[in-house]
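The residues of the chain are indexed from 1 along the displayed sequence. Note that ligands are numbered from 1 as they come in the structure, with each ligand's atoms numbered from 1 the same way.
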Amino acid sequence: MNKKVFKKKFLDLLTEKFAISVEDASLFEIYTTLGTLVRSSYAKDWRRTWNTYDQCQQKQLYYFSIEFLPGRMMKSNLLNMGWLDTVQEALADLGINLDDVLAQEPDMALGNGGLGRLASCFMDSIASEGLPGNGNGIRYKYGLFKQKFIDGYQVELPNEWLARGNLWEVRRESKAVDVCFNGHVYLKKQADGSLEPIHENPTIVRAVPYDTGMVGFRNGTVNTLRLWDAEIPLSEESYYRSIEQRRAIQDLTSVLYPDDSNEEGRRLRLMQEYFFVSAGVQSILRHFKAKQKDFHNLDEFVAIHINDTHPALCVAEFMRLLLDEEKMSWERAWNVTVKVMSYTNHTIMAEALEKWPVDMLQSVQPRIYQIIEEIDRRFIEEMTGVVDWEVIQRTRIISDNLVHMAHLAIIGSHSTNGVAKLHSDLLKNVVLHDFYRLYPDRFNNKTNGIAERRWLQLANPALSQVLDQTIGDSWRYDANDLHLLMNFREDEAVLKQLQVAKQANKHRLTEFVLKETGLKINETAIFDVQIKRLHAYKRQLLNLLHILTLYFEIKEEGKTDIQPRVFIFGAKAAPSYHYAKSIIKVLNEVATMIRHDPAVSDKLSIVFLEDYSVSLAEVIIPAADVSEQISLASKEASGTSNMKLMLNGAVTIATLDGANIEIRDAVGEENIVIFGLTESQVYDYYEQANYHSYTYYESSPKLKRVVDSFIDGTIPNIYQEGVEIFDSLLKYNDEFFVLRDYEAYIQAQRQIAADYQQQDKWLRMSLVNIANAGRFSADDTVMKYAEDIWQIEKTNPKRRQAEDKKYVPYTL
Ligand code: 26Q
């Protein structure tokens, strides 16, 4: 695709769509035209990809996730099609800046954080590896809320991402299916003596899919992300008369993870889970049936992945369809279900392990509840006499009037994996130990990865260019080739270039911050970044204690040799998570206090950017010097911002938690700063119940000064929030050992500052981080899933090898 051809096509289409010349076109019209051209150019490949899977009768993966967080698609599509440079130049010739056009696209923000972003990184990598894999989820009308700060408080607004339409999706009316809720089920005796379930008075919802092409990196593969919307069934139009009835259907796909602090919210969440599970499983089986294959070999054609427990009802829905629709025997249906299903666990935090009240599930979907009861009954029967009764009680699906979704997912699948080595070990040895003993072969580890194309090639052109010049461009095709950079550790010129690239990115972020917030930050300072959901276990509070420590060192101890720092935060708190919102408020007030204090404002500043998102991450991460990964050891399953930041040359300050451990192993101890309790020390404290936060508070005047500042009037404009934080640390004995790790963290931060002052050393550390980030490529992660769990193969491995490092152009 050359520039000349592109320009002609583009201008013709602009006229066709808007009857306008390029000079008069708005940026949005240009964005729409470009997007339309891009989409129509991969359409043939999209169709061909699907046909190939079908014709070759290839086993396909369906990745079920209640969240997908793709961010913007345009640039990624351009890159993967091999068009990026040409389009950039062609538009420049027409007087258009591509970045301005890209900014027109709203983020597709159908996820909360790590789990949703992982699903999207996997979609990119699955397509880029040429693997037959599709996503299945919900098309939320509003997605995750938009965050604003008003007087320092988080305020949530609806995110109207669909307001100007969505270029990338295709509504597939003809693929709609019906999903049944509520009503009653009884078993009716048939003439042959068998029992047939009759679902009386169900509420029927029509599920309509919207498909989006997932374009692989220069390989002609275009997979499908299928997101479901809920509608009133055409045949039931007259039945749904009242506004409330119509509203109830709209609510199903209105927002992501609505407030689950009340009964109504929880019920809606459960309905969402069943909605996208039922629609997805029905559409898979309908397609399978159309090809008239034998249902007993289903597992040779279909793999269903359950991303955390939110889609765990897949197990029961799959059983329901095989039993009730296909009339398969329980034993055969169960055998095939377990072979088809696999499950990833993303958390060990007890409060995030889903459990549904029996009566709620029974009323939302009575037939599904019956099936789960039967799975549970048979599980108990199978285990009785094999293991102790207590073990059965701890592992059964229904207990204490609750349905344990993780138990359903483990019992109903052939694979359960954690997302980093430590996390998988904790699952085996602690959290899911009973299950590990029942099913040792089902447990495995798949350390998370990231779509390195997005997080380096797209987000960081400055660094990408340095890499091209230094090690050639093979890293763009295989991230493991980043390792070639190790040869340049002692190369002054390369280190200098890395420094220049980092500075350019810091400048870009500085300009962005100025534009968005009006704040001027010091771009020669250390950019110290913590970007992730706001949660007590992630310990943004520990970061704040360090900031306040520096503040008092300058203000009260008269220290002058402090390395200037800009602390950058991005974080949303769940709307009902009161404590997390208090941390946001206090962080914002400390930011204001420091900003207005000339004694410190040239040394320290806090920038807490509103509405953290994938697109915001793409500006922040390339500019980061320091990556804060400071969760309490054992709590962060993996983390993925840690990988993105190292890839962009940030040096990590970390606890030995999640994938931080593997990052340390990759870069070596000298190239990361590790501090704090280890996971086994944390567990020792739990066992001995001998942690007393007060001791730490009392014995360190420095720490006491900092902690007291939450309640002694030092920080203006905070009220109850300061007291809550103070109380969480002392009255409630500091659940996440913030005070215990404080001293070690302060020392680690001094180490960071000292290393940064030796720029040569720092740049070398940074280089080693970039050079070793290849092992966290999601391309490799999904290949491991494909081989060990899904048993799916690349469509056309030969073609992929032949194309090896060559450009497969998309023609218009
Ligand atoms: C639970 C109960 C009821 C309703 C909702 C939920 C719920 C919603 C979202 C539970 C968990 C989530 C999200 C979890 C998540 O994002 N986990 C992160 O997953 C990443 C990818 O594996 C890891 O890197 C992170 O460590 C992990 O925190």
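- For ligand 1, the atoms sitting less than 4.0 Å from at least one non-hydrogen atom of Ala637 are 26 (O), numbered in the order shown with element in parentheses.
- Of the N and O atoms on the side chains of Gln530 and Asn543, at least one donor lies less than 3.5 Å from an acceptor on the other residue.
- For Lys532 and Gln629, the side-chain atoms include at least one donor-acceptor pair closer than 3.5 Å.
- The Glu67 neighbourhood of ligand 1 comprises atoms 9 (C), with distances under 4.0 Å to a heavy atom of that residue.
- Atoms of ligand 1 lying under 4.0 Å from any heavy atom of Glu354, numbered from 1 in the order shown and given with element: 2 (C).
- Interface atoms of ligand 1 facing Tyr537, defined by a heavy-atom separation under 4.0 Å, are 28 (O).
- For the pair Leu118 and ligand 1, the shortest N or O to N or O distance does not fall below 3.5 Å.
- Every N/O-N/O distance between Lys538 and ligand 1 stays at or above 3.5 Å.
- Under the 4.0 angstrom criterion for non-hydrogen atoms, Val419 is in contact with ligand 1.
- Taking the centre of each ring, His407 and Phe379 stay at or above the 6.0 Å mark.
- At a heavy-atom cutoff of 4.0 Å, ligand 1 is contacted by no atom of Trp356, backbone or side chain.
- Asp400 and Lys355 are not joined by a salt bridge, as no carboxylate oxygen comes within less than 4.0 angstrom of a charged side-chain nitrogen.
- With sequence neighbours left out, the side chain to side chain donor-acceptor pair (under 3.5 Å) criterion links Ser634 to no other residue.
- Heavy-atom proximity to Gly639, at under 4.0 Å, picks out these atoms of ligand 1: 23 (C), 24 (O), 25 (C), 26 (O).
- Here salt bridge (charged side-chain N to carboxylate O under 4.0 Å, His left out) pairs that include residues 617-626, with residues two or more places apart or in two chains, are Arg454-Glu618, Lys506-Asp625.
- Polar contact check, Asn448 against ligand 1: a nitrogen or oxygen pair lies under 3.5 Å apart.
- At most 12 heavy atoms of other shown residues, nucleotides or ligands fall within 6.0 angstrom of atom CD in Glu735.
- Comparing heavy-atom distances from atom 19 (O) of ligand 1 across Arg269, His346, Arg266, His310 singles out His346 as nearest.
- Within a 6.0 Å radius of NZ in Lys421, other residues, nucleotides and ligands contribute 12 heavy atoms or fewer.
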